[in-house]
Every structure is written in C-alpha cells, then in structure tokens.
Amino acid sequence: MPLPTGNVAWPPPHLAPALDAMSTWDTWWSGDPDRLEKLYGGGSGGPDPKRMQYAGGVVGRMARWWWGTPTAPGERRTKLHVPIAGDLCGGSANLLFSEAPNFTVADDATQKRLDELVDDGMLATLQSAAEVGAALGGVYLRPVYDLELADRPWLDAVHADRAVPEFRWGRLSAVTFWRTVHEADGQVWRHLERHERGTIQHGLYQGTAQKLGHTVPLEDHPATAGFAEIVSDEGLVDTGYDGLDVSYIPNDMTRRWRCNVDLKDLGRSDLDGVEPLMDSLDEVYASWMRDIRLGKGRIVVPSAYLQSNGPGQGASWNPDQEAFAGINMLARDGAQLTVAQFAIRVQEHRDSAEDLVNQILRSAGYSGQTFGIGGDVAVTATESNAKERRSMTTRGRKILRTRPGLGNAGHALLAVDRHVFGTQIKPQRPNIEFYDSVQEDPLSLANTADVLKRAMAASTDTLVRMVHPEWDDTMVKAEVRRIQAESGQAVEDPMQAGALP
C-alpha cells in the first residue's frame with residue numbers, strides 16, 4: 001500500500017482512542033503541572049473551570065479530577081505534582097537495560113562487526129526506548145545511517161504516538177511514521193515515511209492541522225531535501241533487508257482495546273489505570289504542603305497595639321521588637337495578643353502518601369523495593385529477588401516481548417550495514433541474552449563453590465559456571481583447563497604419552 005494520495009484526515013481517525021490515551025500518559029510522564037492543568041481543565045485561564053466541573057461526558061469527568069479543580073481568581077497555584085510516572089517508566093527501563101544484553105551470532109566476522117555496532121551507543125538508545133515504551137505502551141526500532149555523520153548504521157527509536165502501524169496476526173507488517181517539519185499561518189508540513197518489506201517510501205505533504213493535504217516535492221523543505229537525492233523515481237529507498245526493517249516492541253498486552261482490531265496489538269502503558277491514584281497522590285502532597293503553610297505561627301494583634309508609620313503610611317506590628325512602650329487603654333477592653341498555631345498532620349499525610357505509592361507500584365507490576373522503599377540495607381541476591389519478586393516477574397514478562405523485536409532489529413541493522421557500507425559480513429538474526437539485574441555477591445558465590453568442592457558435589461566445570469554465569473562454553477572450558485593445570489589435575493593420557501607399549 002503506497003502513501004496517502006488524497007486530502008485525508010491526519011492522524012487517521014481509527015487511531016484517535018489510542019492517541020488520546022497516549023497524550024494523557026505522556027502528560028503524566030512529562031511531570032509538567034501546566035500540562036496537567038491544561039489536560040484536566042483546572043487552570044485559571046481558558047474556559048470557565050467551574051462550569052466544566054458540572055459538564056457532562058468526557059470533559060466533565062476529567063474536570064472532576066483533583067487536577068481539574070479550578071484555582072480561585074487572584075490566588076497563586078498551590079497544586080503540587082509528584083513525578084512518580086517518570087520514576088515508574090525510568091525504573092522499567094533500568095530493570096530491562098541496566099546492563100547491555102548480549103548479542104551473539106555464529107559467524108566470527110559478523111560477530112566482530114556486531115560488537116562494534118552494539119558498542120556504538122546502542123545501550124543508551126535501548127534504555128531511552130524502553131522508558132518511552134513503558135510510558136506510551138510501545139516503541140519502534142529502526143536502523144538509520146548518515147554518511148556524513150558516521151561510517152556505520154545505528155538503531156533509532158520512534159515513539160508510538162508518531163506512527164500508523166499495520167499488524168497481521170499480531171505482527172507488524174508495515175508502518176508509516178510522520179513528523180511535523182514546519183507549521184505557520186495555518187499550514188502544516190508533514191514528512192511521512194512508510195516502511196514495507198525491503199523498501200522505504202518518503203513523502204512530503206502540505207496541509208492543515210486536521211488534514212494531510214497534498215504532496216509537494218521533497219526538495220521543497222530542508223528537512224526532507226536530503227531524501228530527494230537517494231529515492232528512486234517512485235520515491236522508494238531499498239533497505240537491503242528482505243523483511244520489514246522496523247521492529248515494534250510492545251510494553252505489555254493491552255486491556256482496553258483487546259476487542260478493537262485496529263488497536264489490540266499496540267500494547268499497554270505502565271501508567272494505564274493508575275492515573276486516578278497518581279491524581280490522589282498529588283492531592284495528598286498538596287494537602288500536606290497546605291498544612292505546612294497554615295501551620296506557620298501567626299499573632300493576632302488588636303488595633304490599639306499597632307505602631308503608626310506616619311500620616312498616610314498606616315500602622316504595623318513588629319513581632320521581633322524586644323521592648324514596647326506602654327499603651328494607655330482600659331483593662332475592660334480585654335485587648336490581648338492571640339497566637340494562632342495550627343497542627344501539621346505529618347504522620348497522617350505520610351501514611352496516606354506511602355499507601356498510594358505502594359498501590360501505584362503494585363498496579364503497575366512493581367515492588368516497592370525496586371524504587372528504594374524499605375531502606376538500603378545490604379542483602380544477598382536471594383533476599384533481594386524475594387523482595388523484588390513482583391518486579392522480577394514483570395521484567396521477565398517484558399523480556400519475552402522485547403527479545404523478538406530486538407533480534408529483528410539487530411538482523412536489519414546488519415543487513416543495512418552490508419548494503420550501504422559494503423561490509424563483508426553475513427547478516428543473520430542474533431541471539432539475545434539478558435543478564436540478571438541482581439548479581440550474586442562474589443564472596444557468597446565463592447563460599448558456596450568452596451563448600452560444594454570440599455563435599456565433592458560438583459565438578460570444576462559446574463563450579464566455574466556457577467561463579468561466572470555470564471560466560472559461554474568456550475570461556476568456561478578455557479578456565480577449567482587453566483584451573484586443572486595450576487592445581488596439577490591435568491593428567492596426561494598415558495596411552496598418548498607413550499608410557500605403555
């Protein structure tokens with residue numbers, strides 16, 4: 001299917017529910033209070049916020065959130081935002097890619113080149129992609145190159161709210177990326193990039209905010225002029241890869257769109273369903289800060305105690321003055337200083353906030369220990385895994401969805417490297433191995449290996465694999481031979497040494 005040719009609505013209407021949800025998740029993930037007020041209609045400008053509180057439908061429902069409550073005219077905004085959405089998405093990325101996964105292929109030359117491509121900033125890209133995927137429900141990976149910037153290709157992450165995917169049997173079959181390259185005087189210029197098997201098609205459109213508009217030459221805008229030099233007469237670029245060079249990595253299985261044939265394969269955000277809890281958490285912290293403001297000691301002074309500042313200057317009271325002149329007044333007036341000191345409900349607010357945070361983490365599939373809740377007491381890896389079992393289960397589930405897409409991205413990256421840069425390699429799908437996010441204490445491993453050795457309950461090969469679980473067979477066998485040689489266990493076969501006739 002080629003790029004659109006008519007003045008169609010853009011983005012496509014069938015993606016509207018997903019794009020609306022992604023906009024909400026993106027707002028929470030950004031941690032910007034101004035965007036939250038704009039989203040829920042709680043700002044002091046624009047439509048009457050109080051009127052929106054009583055409105056029906058989606059507008060009224062969103063305005064009735066705490067972030068939808070209006071700020072009284074003339075008062076400063078006292079709402080406080082806790083950026084727990086960013087912590088959730090960042091923590092998800094750290095669980096997956098705190099260490100670089102291991103990419104392995106059978107061919108030695110290809111493995112050497114693949115190691116160079118992986119070391120060229122791929123881990124940072126994967127960490128950023130994982131955080132975006134946790135926030136928006138999924139992320140796309142594609143190989144890109146620029147002959148003026150580098151002598152090798154690299155992986156690039158495309159956000160899910162800037163793509164029109166096409167799935168077949170749960171797998172990505174084609175996708176169209178878009179970006180706004182220019183916007184002025186009601187005109188919107190968009191660059192569309194469609195990926196199909198073996199090819200990429202580029203198009204530049206001049207339209208409006210709601211309509212795609214008509215095609216214009218790629219040379220008409222600096223952002224797309226470079227593509228005009230490499231596309232064919234049909235606007236195509238050969239990728240050098242037989243399959244689809246774009247990989248989609250869903251964050252998790254979707255719930256809200258499971259019956260929507262167009263959206264059921266998009267994936268689910270870690271923030272899906274916890275928005276009301278995050279809204280309540282912000283309300284609790286804002287109430288806590290309000291108690292602190294109201295808890296400031298205040299002194300109510302009778303007007304007779306005020307000191308004149310001169311004609312037309314009014315009167316004032318200085319609470320830091322150490323001595324005051326006597327005031328001639330009748331005792332029956334009962335004038336006296338009144339001290340106002342409100343209680344600050346620290347424990348109540350702290351307990352409420354902690355309970356909301358724990359509920360948010362549980363709903364998102366994480367343990368509080370993963371985010372530092374429960375202290376930083378040193379524990380063994382076994383104890384840590386026990387406390388973080390929920391997070392480890394979520395991590396394992398995400399690895400199952402990440403490994404296929406990441407393997408396809410590695411295969412496409414190698415194919416583009418050979419096609420564009422002429423490297424003498426054999427593009428193949430790499431095997432992806434994720435390391436444990438919690439490493440066992442070396443001293444504990446050494447003690448365990450020593451006990452097993454003295455009990456003659458494990459071979460040298462087993463002990464080496466236990467102490468170095470990240471090593472492959474070649475490294476393990478080499479280490480076993482070195483240990484046997486140093487300990488005198490390597491006995492020559494007498495038949496080979498010529499001891500027997």
Side-chain angles (χ1 to χ4, degrees), residues 1-19 22 138-146 153 155-183 187-250 260-266 405 408-409 411-413 415-416 419-420:
M1 182 184 298
L3 288 173
T5 54
N7 187 22
V8 299
W10 201 267
H14 72 272
L15 289 179
L19 293 177
M22 291 179 190
V139 67
Y140 299 85
L141 293 177
R142 61 178 177 180
V144 296
Y145 63 90
D146 190 322
L155 288 182
D156 176 51
V158 182
H159 300 189
D161 56 353
R162 286 297 178 266
V164 181
E166 298 173 20
F167 293 95
R168 188 184 306 162
W169 303 111
R171 296 193 175 187
L172 187 68
S173 58
V175 62
T176 301
F177 299 133
W178 90 86
R179 57 174 178 153
T180 300
V181 296
H182 184 70
E183 189 172 359
Q187 297 292 316
V188 179
W189 292 56
R190 297 182 180 91
H191 170 220
L192 269 61
E193 178 182 321
R194 179 172 177 80
H195 292 251
E196 296 180 346
R197 291 181 62 91
T199 61
I200 304 174
Q201 186 176 7
H202 294 273
L204 182 62
Y205 294 79
Q206 181 182 4
T208 63
Q210 291 78 29
K211 294 290 186 175
L212 185 60
H214 61 278
T215 59
V216 294
L218 294 172
E219 299 92 337
D220 285 2
H221 197 276
T224 57
F227 296 112
E229 302 175 0
I230 61 175
V231 299
S232 64
D233 295 337
E234 295 80 15
L236 300 177
V237 177
D238 184 14
T239 64
Y241 180 53
D242 294 335
L244 181 65
D245 64 327
V246 177
S247 303
Y248 180 64
I249 301 179
N260 188 321
V261 66
D262 295 318
L263 309 178
K264 65 183 181 64
D265 299 308
L266 286 180
N408 183 75
H411 191 182
L413 185 66
V416 170
H419 177 70
V420 177

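Positions are given from 1, in the same order as the sequence printed here. Basis for what follows: all heavy atoms, side chains included, without hydrogens, waters or symmetry-related copies.
Shortest non-hydrogen contact noted between Ala163 and Val175 is CB-CG2, 3.9 Å. Of all heavy-atom pairs spanning Glu196 and Ala174, the tightest one is CG-CB, 4.2 Å. For the pair Pro4 and Leu212, the tightest heavy-atom approach, listed with the atom from each and the gap, is CB-CD2, 3.8 Å. Closest approach of Gly203 and Leu3 over heavy atoms only: N-CD1, 3.6 Å. The shortest heavy-atom contact between Ala209 and Val188 is N-CG2, 3.8 Å. The heavy-atom pair separating Gln210 from Arg190 by the smallest distance is N-NH2, 4.4 Å.
Inter-residue side-chain proximity for Val164 and Trp10 is flagged as met; some heavy-atom pair is nearer than 4.5 Å. Taking 4.5 Å as the limit, some side-chain heavy atom of Trp189 sits within range of a side-chain heavy atom of Val216. Side-chain contact between Leu263 and Leu15 is present, with at least one heavy-atom pair separated by less than 4.5 Å. Taking 4.5 Å as the limit, every side-chain heavy atom of His221 sits out of range of all side-chain heavy atoms of Gln206. Contact annotation: the side chain of Val420 never approaches that of Pro153 to less than 4.5 Å [non-hydrogen atoms, C-beta and beyond]. Looking at Pro165 and Tyr140, their side chains come closer than 4.5 Å, going by heavy atoms from C-beta outward.
With values rounded to the nearest 0.5 angstrom, Thr5 atom OG1 is found 7.0 Å from Tyr205 atom OH. Here the CG-CH2 distance, from Asp161 to Trp178, works out to 7.0 Å after rounding to the nearest 0.5 Å. For the atom pair Leu413 CG and Asn408 CG, the distance stands at 11.0 Å (nearest 0.5 Å). In this structure, CG on Asn7 lies 11.0 Å from OG1 on Thr215, to the nearest 0.5 angstrom. A distance of 8.0 Å separates OG1 in Thr199 from CG in Asp238, rounded to the nearest 0.5 Å. Once rounded to the nearest 0.5 Å, the distance linking CZ of Arg162 with CE of Met22 reads 10.5 Å.
Considering only residues two or more places apart in sequence or on other chains, Phe227 meets the ring-ring contact (aromatic ring centres under 6.0 Å, His included) condition with His191, His202. For Phe167, the ring-ring contact (aromatic ring centres under 6.0 Å, His included) test picks out Tyr248, with sequence neighbours left out. Checked against salt bridge (Lys or Arg N to Asp or Glu O under 4.0 Å), Asp220 has no partners two or more places apart in sequence or in another chain.
Applying the 6.0 Å contact sphere to CZ of Arg171 captures no more than 12 heavy atoms from other residues, nucleotides or ligands. Within a 6.0 Å radius of CG in Asn260, other residues, nucleotides and ligands contribute more than 12 heavy atoms.
A donor-acceptor distance shorter than 3.5 angstrom exists from the side chain of Thr239 to the backbone of Gly198, with no hydrogens or angles considered.
Asp245 pairs in a side-chain hydrogen bond (donor to acceptor under 3.5 Å, both in side chains) with only one of the listed residues (His411, His195, Arg142), which is His195.
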